[in-house]
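Shown next, in structure tokens, is the structure this report addresses.
None of these values were measured; they are calculated from a predicted model. Just so you know, these numbers use all the heavy atoms, side chains as well, and skip hydrogens, waters and symmetry mates.
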Amino acid sequence: MINVASLRPSDIERLIEDGFSDEDKKAILSSLRTMLLEVRPDGGADSDRIYMAAQMLEMAGAWEQIAVEDLVETISGAPFETIQVFLEGLPHTYGAELAFKMMTDSSDLSTMRIVKQAYERQRVLERVQELEKAWRLTNLASLDVSMVGLGHNLGHDVISGLVTPHVPQISTDAEGNTQVRMVPKPVDDPEYAFPWITDPILR
Amino acid sequence: MDFDVLYGPCLPFARDASEAEMGVNPRSLEFLNEETAPALIKHLENAESLLLSQVVHATMPILWLIDEAGQIRFAMEEVIARDTGYLSYILPRNGPPMRETDVRLGHPALLEPVNAGEAKSARIGGEIFYDPIRRSELSWVLTNNSGRFGKRPHIKREYLENAGKAFEALGVSLRTFFIYTKEKQGEGE
């Protein structure tokens with residue numbers, strides 16, 4: 001029986017070779033829920049555990065087998081920080097769909113924060129652009145509604161997060177050590193601008 | 001010997017590290033060499049001959065990494081008290097929730113402590129895990145299961161295989177398991 005909290009190389013090899021049974025999917029979702037409720041992201045080893053579980057399951061092909069709707073149900077109720085780390089370990093498009101589904105299913109603040117974080121990735125931004133029409137017609141409208149009561153600054157921050165992806169900046173210090181840090185990509189970069197957002201406040 | 005070619009360039013960890021991981025070494029930290037290798041071999045072989053050891057090893061991985069000098073380091077994944085820094089216990093992979101007052105030491109803790117704002121760098125890292133399978137005589141597996149040092153975009157399968165050969169050169173026989181990102185249309189890293 002697979003347990004996501006103690007995934008073994010032989011589990012992954014078996015799933016790749018034999019495929020996923022219904023029992024495997026149930027075991028993955030059930031043990032994943034337990035793990036996400038119990039393991040607290042610490043910015044270190046425990047965060048890494050959550051991230052690597054998502055990555056190893058990706059390698060096994062789990063996210064091609066498990067519907068986004070089922071995963072939404074599984075992770076609902078887990079702390080925001082935990083879901084954030086888990087989303088980082090998912091394939092970008094699948095993670096975007098998961099965040100998209102969570103946002104359309106909920107309008108609470110924590111869900112909006114998750115979406116903001118997830119959408120900072122370039123891949124996810126591309127996904128948003130693919131969903132431009134649905135986004136404009138439904139989610140942007142619901143975002144406006146959701147921002148009522150959050151205050152303009154927070155609402156603007158959410159939107160800024162959507163249009164300001166981070167990119168790696170590599171530099172070398174005086175001793176020749178390589179340093180990598182993530183910096184915001186300039187918001188006036190036309191590559192990342194959303195031409196369909198014409199409201200100057202939202203841009 | 002060009003360690004960059006064998007094990008990959010020595011780069012800062014990906015993602016984050018906790019404050020404890022930046023400032024404390026695990027008590028069990030060792031360097032693999034001619035003195036420690038025979039003891040490590042005995043430790044691993046116990047799983048084959050003693051059920052007591054088998055149960056322990058099947059639940060607790062050993063962390064490893066290769067540092068800038070090409071040295072292999074290994075340690076248990078220790079949990080320490082945040083306030084004193086003393087070893088509390090070794091938490092099994094599927095253990096219960098930890099106390100707020102404890103913190104787990106992952107891969108960055110295998111390197112020397114640094115000051116705030118400084119980075120820790122290694123070539124590759126992962127876990128050594130007891131995972132016997134029918135088609136291999138080797139019950140222990142060397143993986144790159146580390147989001148900080150093992151599963152980084154530049155890490156190649158050959159770096160892990162070369163790490164396996166470095167263990168083998170000192171008599172520690174392990175099979176390798178490389179964790180990679182699946183290439184799919186529209187999903188490339």
Report, by ascending residue number, the residues of residues 124-148 of chain B in heavy-atom contact with chain A at a distance under 4.5 Å; give 'none' if the set is empty.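 Expected list: B/F129, B/Y130, B/D131, B/I133, B/R135, B/V141, B/T143, B/N144, B/N145, B/S146, B/G147, B/R148.
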For chain A, find its close neighbours in residues 75-95 of chain B: heavy-atom separation under 4.5 Å, sorted by number, or none.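 If one takes a 4.5 Å heavy-atom cut-off, the residues of residues 75-95 of chain B near chain A are B/E77, B/R93, B/N94, B/G95.
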Using heavy-atom distances under 4.5 Å, tell me whether A/R14 contacts chain B through its side chain, its backbone, both, or neither.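 Neither part; nothing is under 4.5 Å.
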Measuring heavy-atom distances to chain B, does A/I16 have an atom under 4.5 Å in its side chain, in its backbone, in both, or in neither?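 Just the side chain, heavy atoms under 4.5 Å.
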For the CD atom on A/E73, are there more than 12 heavy atoms of other groups (residues, nucleotides or ligands in this structure) within a distance under 6.0 Å?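 No, the 6.0 Å shell around CD holds no more than 12 heavy atoms from other groups.
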For B/M98, is there any backbone N or O sitting under 3.5 Å from a side-chain donor or acceptor partner on A/R40?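 Here the side-chain-to-backbone pair exists.
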If you count heavy-atom pairs within less than 4.5 Å of chain B, which of A/L7, A/V4, A/V85 leads?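 Max contact count across the listed options: A/L7.
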Looking at B/E21, B/E19, B/R104, B/M22, which makes the most heavy-atom pairs under 4.5 Å with chain A?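 Ranked by heavy-atom pairs under 4.5 Å with chain A, first place is B/R104.
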I'd like to verify something: which residue of B/G150, B/P108, B/A17, B/A14 has the highest number of heavy-atom pairs under 4.5 Å with chain A?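 Looking at each option in turn, the highest pair count goes to B/A17.
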Applying the side chain to side chain contact (heavy atoms under 4.5 Å, CB included) criterion to A/D42, which one of B/D102, B/D16, B/V103 satisfies it?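 That would be B/V103; it is the only one of B/D102, B/D16, B/V103 passing the side chain to side chain contact (heavy atoms under 4.5 Å, CB included) with A/D42.
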Of all heavy-atom pairs between A/M59 and B/F178, which one has the smallest distance, and what is that distance?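 Answer, listing the atom of A/M59 first, then B/F178: CE-O, 3.1 Å.
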Is it the backbone or the side chain of B/F177 that comes under 4.5 Å from a heavy atom of chain A, or both, or neither?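 B/F177 touches chain A through side-chain heavy atoms alone.
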Chain A heavy atoms under 4.5 Å from B/A58: which part of the residue, side chain, backbone, both or neither?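 Both parts, backbone and side chain.
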